[in-house]
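We're numbering straight along the sequence, starting at 1.
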Amino acid sequence: MIGSFDWPRLHQTKTFGLPMLLLGPFSILYGGGVKFRLWAYKQRLFQRKSLPGFVVSIGNITTGGTGKTPAVVTVAQWAKDEGFRVAVLSRGYGGRNREGVLEVSDGVVLKSTAVEAGDEPSFLAEKLRGIPVIIAKKRFRAGQYAHERFGSDFFVLDDGFQHLELERDLDLLLMDASNPLGNQHLLPWGPLREPMEQVRRANAFILSRFKSDDKSCRIHDWLQREFPKVPLFCADHQPEKLVIPAQNKDYAPDFLRGKEILAFAGIANPIAFQKTLEGLGARVVSFTAFRDHHPFQPHDIEGLIHRQRACGAQYLVTTEKDWMRIRGLGLYCPELTYLTISFGFVSQRDAFFRMIKTGVSNKRAFQGSQRHG
């Protein structure tokens with residue numbers, strides 16, 4: 001792992017040691033700040049704002065790695081197909097935009113690069129044709145912009161579970177079924193953004209990367225037992241295709257079977273990506289994990305290309321999100337490949353979208369009664 005700590009591994013470690021002594025006090029301070037913020041919103045010391053439409057928040061309680069970005073694509077595309085005027089609202093983490101509203105895409109034309117907007121909004125803009133993607137630190141301002149410019153009435157809030165300033169009609173909480181809460185400590189000692197009890201704010205749970213194994217079943221049963229009235233859905237991420245940009249070609253995921261590759265990723269859960277590649281039958285001769293949203297520089301990729309060729313690996317493979325940050329570097333590597341991932345429900349897909357439609361209908365009925373009451 002690049003950096004001072006192997007963060008993914010550290011966030012799974014439950015034993016006491018030097019990292020705990022160094023990071024434990026910061027976790028206590030962080031937790032105090034989070035609890036004060038939650039209390040302040042509950043007491044209405046901080047104002048919450050509402051958008052003129054239906055707001056679906058998709059987020060998690062841990063530091064990334066749950067697959068919320070593909071989930072945003074799935075929900076937004078469904079809403080568009082249903083005839084809603086959809087906009088995706090994001091903070092744009094990792095981009096250069098710090099203040100104001102930035103239009104990443106108007107649904108037709110890409111207007112910002114990954115450097116400006118961040119890799120996730122760029123990824124969303126590439127995937128979601130016909131759906132504007134707007135970023136702002138204040139998601140309310142992004143929503144206002146989308147409503148005024150595009151007439152948006154259905155807002156998908158990317159990574160919104162902690163963005164309490166914006167009222168939402170449906171709070172969807174994603175949890176990685178293979179590793180839902182790590183070592184159950186707050187940042188920076190653990191992966192939790194908030195205390196575990198805050199999962200009760202969710203209107204529905206989605207267990208991502210769900211498999212029929214003991215780990216997945218344990219978290220599934222725990223959620224059903226502790227929150228019996230909260231809808232619970234299971235989903236998985238499936239490899240979709242391999243894209244070789246320099247050749248303008250794509251292949252089925254099994255293209256990697258039996259091939260020696262050098263792989264790398266700068267995402268929240270790089271080990272999951274490595275396991276995915278191994279599950280496809282690839283022989284991963286070397287794997288490099290960069291920190292999440294790593295701003296790749298030419299020397300990073302040039303070094304990886306040199307290592308790939310030195311060890312005789314046939315391909316250099318990364319994630320689609322990482323490619324968003326690499327493609328603007330202008331480097332040519334005929335062996336550089338990225339893997340796309342699709343999000344799909346293991347079961348109860350129809351029930352999930354029916355829940356959203358019911359929520360929209362109920363809100364419209366309530367607003368109608370308010371106007372005529």
Which heavy atom of [X] sits nearest to which heavy atom of [Y], and what is that distance?
X	Y	value
Leu339	Pro239	CD1-CB, 4.1 Å
Ile135	Ala142	C-CB, 4.3 Å
Ala268	Thr63	CB-O, 3.5 Å
Cys311	Leu262	SG-CD1, 4.2 Å
His237	Pro70	CD2-CG, 4.0 Å
Gly107	Ser105	N-OG, 2.9 Å

Would you mind checking if [Y] and [X] are paired as a salt bridge, meaning a charged N to carboxylate O distance below 4.0 Å?
X	Y	result
Arg200	Glu226	no
Asp119	Lys321	no
Asp159	Arg91	no
Asp158	Lys68	no
Arg307	Glu302	no
Asp213	Arg218	no

Can you confirm whether [X] sits close enough to [Y] that some side-chain heavy atom of one is under 4.5 Å from a side-chain heavy atom of the other?
X	Y	answer
Pro52	Asp153	no
Asn362	Val360	no
Phe123	Thr69	yes

Can you confirm whether more than 12 heavy atoms, excluding those of [X], are under 6.0 Å from its [atom1] atom?
X	atom1	answer
Lys111	NZ	yes
His306	NE2	no
Arg44	CZ	no
Glu197	CD	yes
Lys215	NZ	no

Would you check if the side chain of [X] reaches a backbone N or O of [Y] as a donor-acceptor pair within less than 3.5 Å?
X	Y	result
Ser208	Thr66	yes
Ser27	Leu187	yes
Lys137	Val101	no
Ser152	Ala146	yes
Arg349	Ala235	no
Thr340	Val243	no
Thr276	Ala272	yes
Thr62	Asn60	no

Q: Evaluate the criterion ring-ring contact (aromatic ring centres under 6.0 Å, His included) for residue pair Phe227 and Phe205; output intermediate values, then yes/no.
A: CA-CA 10 Å; Phe227 308 96; Phe205 299 119; 5.4 Å; yes
Would you say the ring centroid of [X] lies under 6.0 angstrom from that of [Y]?
X	Y	value
Phe345	Phe352	yes
Tyr315	Phe255	yes
Phe296	Phe290	yes

Q: Evaluate side-chain hydrogen bond (donor to acceptor under 3.5 Å, both in side chains) for Asp300 paired with His294, printing each intermediate quantity in order.
A: CA-CA 10 Å; Asp300 293 322; His294 177 72; 3.0 Å; yes
Have [X] and [Y] got a donor and an acceptor in their side chains that come within less than 3.5 Å?
X	Y	value
Glu194	Gln162	yes
Arg201	Gln198	yes
Gln238	Asp236	yes

Q | side chain to side chain donor-acceptor pair (under 3.5 Å) contacts touching residues 244-266 (sequence neighbours left out) | A | Glu260-Arg283
Q | Step-by-step side-chain hydrogen bond (donor to acceptor under 3.5 Å, both in side chains) determination, Ser57 to Asp171 | A | CA-CA 5 Å; Ser57 169; Asp171 231 333; 3.3 Å; yes
(Q) Listing request: all ring pair (Phe, Tyr, Trp, His ring centres under 6.0 Å) pairs with a residue in residues 175-197, at least two apart in sequence or in separate chains. (A) His185-Trp189
Q: If a pair satisfies ring pair (Phe, Tyr, Trp, His ring centres under 6.0 Å) and one of its residues is in residues 125-149, list it, with sequence neighbours excluded.
A: none
(Q) Glu165 and salt bridge (Lys or Arg N to Asp or Glu O under 4.0 Å): which single residue from Arg37, Arg48, Lys49 fits? (A) Lys49
